[in-house]
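Ligands are counted one by one from 1 in listed order, and the atoms in each one are counted from 1 as well.
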Amino acid sequence: MEIIINGEKRGADNVIEVINPFTQRVIDTVPNASEEDLRDAVDSAHRAFMKWKVESADTRAAFLMNWFQVIQIHKEELAELMTMEQGKPLKEALGEITYANSYISWFAEEAKRIYGQTIPASSPGKRIFVQKQPVGVVAAITPWNFPAAMITRKVAPAIAAGCSVVIKPAEETPLTALRLVELAHEAGAPAGLINIVTGDAERIGDTLLGDERVRKLSFTGSTEVGKLLMKKSADTMKRISLELGGQAPFIVLSDADLDKAVAGAIASKFRNAGQTCICSNRFYVHHSIAESFTSKLKEAVAELRVGDGLDQETDIGPLIDEGAYDKVKRHIDNAVENGASLVVGGVVDDTSQGYFVEPTILSGAEDDMLCMTEETFGPVLPIATFEDEEEAIARANDTPFGLSAYLFTQDISKAVRLSEQLEYGIIGLNDGAPSAAQAPFGGMKESGMGREGGPQGIEEYLETKYLSLGL
Ligand SMILES: NC(=O)c1ccc[n+]([C@@H]2O[C@H](COP(=O)([O-])OP(=O)(O)OC[C@H]3O[C@@H](n4cnc5c(N)ncnc54)[C@H](O)[C@@H]3O)[C@@H](O)[C@H]2O)c1
Ligand SMILES: O=C[C@H](O)CS(=O)(=O)O
């Protein structure tokens, strides 16, 4: 596939290969964008921004809804492309296309609700008017695990706000993103409004972040890279949004509805083979119900099918690559070597047909194990027990991360009180799948800054100014 700059496709002799995580075969190649490509992309985005920023909210909304409709028409094609390059089961890929599209429809509506303010001046001879204006050219750098949703969760609010965009998708999964941008042009995107480049991440990042015309970085990815890009944004004082790593605790209190808690555990742990930023990473279960919870969980896990994402029966596809597989194996081995019990699962030793890990339950986990301190990013579910709620909250908060946490209890007062003590941007309260375009998704501490989605999501792409009028 080809990159898109100023509304036109561009190929290249220098390309990078896209690998199918199941077959381990090359499925396509994409350009390794040249410095000229990158310069042209920012030039085009800047020209387009000067026109788009004065377009009406109705015009911005109308384009977004056209894009929404075109994606709807192509959602099966997009889902299959996603499964081919990322490995997730087709039914999950279809779900992601719908989820990704919901950000477009949500921000098509939000485009019309960018309100200002008048503020009573202390001086009777003055009037104060507050305005919101688009921030400018946006660099959007996205991860491989959600090849569609992480694109639209940035591009939709940026376009709604009046900005233009240069996208750099993950080198592992560029095809879905490229196709989404092709469809945006079928939907009538003005030339230069949405540009997409692929290739060497560090070089592209340095060029985009070094250009003072790029006024905003919206990054989703690892905390390590997020910190690096935050530093690189300082030289030109870019606005930044960072959606980074997670390490979610999943707390089951003694009064929890165990069937709901097990369903929530499956939903929050095994989606995308455990490769989501809000996947529950460590489980704290009250000692009095640990045995019954684990037994119910084992039964539910036995229903999950591991296999080729294109197979309708598959629930868990391959991990993205060998590095991911090695990390998950390291976490399982470290836990067992330090006293945890392998209740069910483990890695699939034959990696000739992809890097697979069975849905895995570990009991007797301790807080100093790798699976309890690092983001595993795989289908591994370590269970530790606790004696009282204060202990559970303290252990849940004892991490540099602050993206999502889960709490299962039937006591509403306790649910609200303990949720307020959890240091996380997203709380799944008796809910293992909290994500929605209407909600402000994002984290605290080393899980990032800024929010994507909800009424808050468009603020990331707006500047606030005020006019002081002397009468
Ligand atoms: N908080 C969220 O909303 C969210 C969502 C999805 C994924 N994530 C996190 O992302 C991570 C997995 O994604 P990943 O492996 O793609 O992350 P990553 O940080 O390795 O890469 C993310 C993006 O950054 C680019 N990149 C890497 N190094 C770069 C550099 N030096 N300069 C410029 N760009 C660079 C990559 O090419 C990719 O496009 C996990 O930690 C996961 O928790 C967070
Ligand atoms: O991996 C991170 C994604 O943001 C998860 S979700 O699809 O938004 O829930």
Side-chain angles (χ1 to χ4, degrees), residues 16 30 32-33 38 86 88 92-93 95-100 102-103 139-154 166-174 177 196-210 217-233 241-248 267-268 271-281 319-321 323-324 327 374-378 400-404 424-426 428 431-437 439-454 457:
I16 57 177
V30 295
N32 190 359
L38 300 178
Q86 199 270 336
K88 68 177 66 179
E92 278 195 31
E96 184 186 334
I97 299 300
T98 299
Y99 173 58
S102 71
Y103 282 98
I141 300 179
T142 56
W144 53 261
N145 62 338
F146 285 84
M150 299 305 101
I151 298 286
T152 60
R153 198 157 81 177
K154 299 176 186 302
V166 180
I167 304 165
K168 205 291 299 173
E171 47 272 38
E172 298 89 341
T173 57
I196 183 166
V197 295
T198 54
D200 178 81
E202 184 168 7
R203 177 174 59 82
I204 295 173
D206 287 352
T207 300
L208 295 180
L209 295 183
L217 166 68
S218 183
F219 172 76
T220 297
S222 64
T223 292
E224 178 191 1
V225 174
K227 288 181 177 179
L228 179 66
L229 299 188
M230 185 174 183
K231 290 172 186 168
K232 290 185 177 182
S233 297
S241 299
L242 300 174
E243 295 282 358
L244 306 179
Q247 216 260 341
S268 70
R271 182 163 64 113
N272 202 11
Q275 300 171 118
T276 92
C277 57
I278 59 165
C279 274
S280 40
N281 208 85
L319 298 187
I320 188 69
D321 59 22
K327 179 178 185 182
E374 294 181 359
E375 183 179 50
T376 301
F377 236 51
F401 295 99
L403 186 57
S404 64
Y424 294 86
I426 302 163
D431 178 6
S435 303
F441 189 106
M444 308 175 183
K445 302 196 283 187
E446 297 198 17
S447 289
M449 58 184 65
R451 293 295 183 267
E452 296 192 321

| message | So which atom in Ile141 and which in Leu217 form the shortest heavy-atom distance, rounded to 0.1 Å? | response | CD1-CD1, 4.0 Å
| message | Ignoring hydrogens, what is the shortest heavy-atom contact between Gly245 and Ser447? Give both atom names and the distance. | response | O-OG, 2.6 Å
| Heavy atom under 4.0 Å from ligand 2: found in Asn145's side chain, backbone, both, or neither? | side chain
| task | Would you sort out whether Ser435 and Arg153 count as a side-chain contact (heavy atoms from CB on, under 4.5 Å), showing the intermediate values? | result | CA-CA 12 Å; Ser435 303; Arg153 198 157 81 177; 5.6 Å; no
| request: Locate the shortest heavy-atom distance separating Thr198 from Pro169; write the atom from each residue and the value. | output: CG2-CG, 4.0 Å
| Partner of Ser268 under side chain to side chain contact (heavy atoms under 4.5 Å, CB included), chosen from Ser404, Ser280, Pro434 | Ser280
| said: For Glu202 and Lys232: C-alpha separation, side-chain torsions, deciding distance, then whether side-chain contact (heavy atoms from CB on, under 4.5 Å) applies. | reply: CA-CA 11 Å; Glu202 184 168 7; Lys232 290 185 177 182; 4.0 Å; yes
| request: Output yes when a side-chain donor or acceptor of Gln247 lies under 3.5 Å from a complementary backbone atom of Asn281, and no otherwise. | output: no
| field | Heavy-atom closest pair, residues Phe377 and Asn145 | value | CZ-ND2, 3.6 Å
| query | Which ligand 2 atoms does Met150 reach within 4.0 Å, using its non-hydrogen atoms? | reply | 3 (C), 4 (O)
| Contact with ligand 2 for Glu452, non-hydrogen, under 4.0 angstrom | no
| query | Counting each atom of ligand 2 from 1 as listed, which ones have a heavy atom of Thr276 under 4.0 Å away? | reply | 1 (O)
| request: May I ask you to identify the nearest protein heavy atom to atom 3 (C) of ligand 2, giving residue, atom name and distance to one decimal place in Å? | output: Cys277 SG, 3.3 Å
| Are Arg153 and ligand 2 in contact, using a heavy-atom cut-off of under 4.0 Å? | yes
| Exercise: identify the closest heavy-atom pair between Asn32 and Asp200 | OD1-N, 2.9 Å
| query | What is the closest protein heavy atom to atom 8 (O) of ligand 2, and at what distance does it sit? | reply | Tyr99 OH, 2.6 Å
| field | Non-hydrogen atom of Glu243 closer than 4.0 Å to ligand 2 | value | no
| Counting heavy atoms only, which part of Ser435 comes closer than 4.0 Å to ligand 2: side chain, backbone, both or neither? | side chain
| query | Between Arg271 and ligand 2, is there a nitrogen or oxygen pair with a distance under 3.5 Å? | reply | yes
| request: Give a yes/no verdict on a cation-pi contact between Lys88 and Phe146, requiring under 6.0 Å between NZ or CZ and the six-membered ring centre and an angle within 45° of the axis. | output: yes
| List by chain and number: which residues place a heavy atom under 4.0 Å from ligand 1? | Ile141, Thr142, Pro143, Trp144, Asn145, Met150, Arg153, Lys168, Pro169, Ala170, Glu171, Ala201, Glu202, Gly205, Phe219, Thr220, Gly221, Ser222, Val225, Leu228, Leu229, Glu243, Leu244, Gly245, Gly246, Cys277, Glu375, Phe377, Leu403, Phe441
| query | For ligand 2, does Ile278 get within less than 4.0 Å through its side chain, its backbone, both, or neither, judged by non-hydrogen atoms? | reply | side chain
| What are the two closest heavy atoms between Glu375 and Cys277, and how far apart are they? | OE2-CA, 4.2 Å
